[in-house]
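Every value quoted in this text rests on a predicted model; they were computed, and no experiment measured them. Counting convention: from 1, in listed order, for ligands and their atoms alike.
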Amino acid sequence: MDFDVVVAGGGPVGLMLAVELRLAGVRVLVVERLSEMDQTIKAGGFGRSTAEVLYRRGLWPALEEQKRLAYERMRAFLGRGSGGRPPRMAGHFAGIMVDGSRVDFTDPAFGDPGPAGETLPIGQQALEIVLADKASELGAEIRRGTALTGFDVDESGVGVRLGEEVVRAGWLVGCDGGRSLVRKLGEFDFPGTDPEITGRQALVEITGAEGLGMGWHRTDRGIYVHGPVPGRILTVEPGVPADREAPITAAELQESMRRVSGVDVTITAVHTATRFTDNARQATTYRHGRVLLAGDAAHVHSPFGGQGLNLGIGDAANLGWKLAATIHGWAPEGLLDTYTTERHPIGAWVLEWTRAQVALMRTDPRTRALRDVVTDLLDTPDGATYLAKKLSGVLNRYPVDSTHELAGLSAPDFEFADGSRFGEHCQDGSAVLLDSTDSEALRQVVAPWRSRVRVLTAKCVSHPRLAGALVRPDGFVAWASDDGPDGLADALSRWFG
Ligand SMILES: Cc1cc2nc3c(=O)[nH]c(=O)nc-3n(C[C@H](O)[C@H](O)[C@H](O)COP(=O)(O)OP(=O)(O)OC[C@H]3O[C@@H](n4cnc5c(N)ncnc54)[C@H](O)[C@@H]3O)c2cc1C
């Protein structure tokens, strides 16, 4: 076997998966068909669920500088002078911006995410650089300019074709984006809904933009967006593109912006541009034997609400340790299949939310009336808090046996008596049993699993009642207790064999 895993696609999800697999000691090859990083404008930021994963892997300092630069650019453009930062937005729904000051962040669902509590306006390319550096540092082999062209699966592994060359691996994961060849050749069902809109997003040189106004605007002809960085424009219009492959020109963007906004802008140069639709589809399973899917390869949808990257990074974090456990031979029965059962419902929810947003962007009078109602509701504290909870991922709960209030949720960034925080103890990617009361009983239960679960004995001051918590490598709480170790042995067997 040349590698344990071949990851097809070196976008953010493939790179994140490579980090997780390397932390678990798995030999991984990432093949990326592009020789240089794709500079097309895509995600302009990511949310709390992604931030938590990156923070727990020690990648926060590398992103701090990007965050500072992003806020600086936004402040300058929005004309808010120096100091402070742009107003806190909780997110948007169909372009209806939700004011962060309306959100009740004391709602217990928000818990304590530590530094990872905010949505970060960091572009996708900056994130990919940080992930590629980390994956390489950990020993992942990343071959750029190398495309997967086919594969053959047998009982013991996968022969992955890279043009003339065949690489032998135990497993193949398709992180090769929305038009995934792995998904097509692997014959994954991919049902969903056909598109009805065309979106265009670009960074351009533009004159006459004073009349556009900042932010999201709905007109009788569609939606247009200007900002929050100079030259960033986005339009949404009814109807699907005649040719999705045709290069996007300045003329196309200019006409679209003029049509939707009614403002006579002139676009003199295009730095980067992308066209998208609301094609919404999801693989019915994320695994066929030795072939798996993650990220856009497993689910496509319009970018409204900014969830695509969060969804894919969540897939990678969920899959990495389960696949590694399977490769190391200690995975309990069915562990790898919980990847689909845990992640599919979250993907399905994101698809539904994007569909609802496209419906609210229609230009007819009835939809306009409905949109006004939704705008009012999202301007209430309950409405804003509900939206913020959904978008931040704090309502994502995996089915686990423990009934503790933390069970199944992403672990809070526990604060300890020595001043350290939980996220700082997660950088090696192992599962952690938090032993908050220095309990011999707890340590005895975990003893047979010590090679798979690290014990962290530390007084938890942020959750003083907590006796112990078993946190999986992906940061989700598999078991927690305010008393003794009841149920801990079952949880350890269920997740760690
Ligand atoms: C306009 C737009 C705006 C967006 N805004 C947001 C946002 O604000 N927030 C958010 O969370 N998400 C956003 N998204 C979604 C986000 O960009 C995607 O969800 C994310 O890129 C998915 O990452 P991925 O690694 O799964 O796929 P990709 O980023 O598509 O990466 C797949 C990689 O696989 C490579 N590849 C393809 N085929 C092969 C092959 N045969 N062999 C080898 N390599 C191959 C490709 O070159 C590519 O590098 C946006 C998307 C768009 C289009």
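- Checked by atom type, the side-chain pair S256/E237 shows a donor-acceptor distance below 3.5 Å.
- Note that the CZ atom of R56 and the CG atom of D474 stand 8.0 Å from one another [nearest 0.5 Å].
- Side chains of T277 and N279: no donor on one and acceptor on the other come within 3.5 Å.
- Ring planes of Y386 and W353: tilted class, angle from 30 to 60°.
- Residue-level contacts of ligand 1 at the 4.0 Å heavy-atom threshold are G9, G11, P12, V13, V31, E32, R33, L34, K42, A43, G44, G45, Q124, T146, A147, L148, C175, D176, G177, Q201, T274, F276, G295, D296, P303, G306, Q307, G308, L309, N310.
- Listed by first and then second residue, the salt bridge (Lys or Arg N to Asp or Glu O under 4.0 Å) pairs involving residues 272-284 are D194-R281, E252-R275 (not counting sequence neighbours).
- Between F304 and F276, the two ring planes are perpendicular [angle over 60°; tilted spans 30° to 60°].
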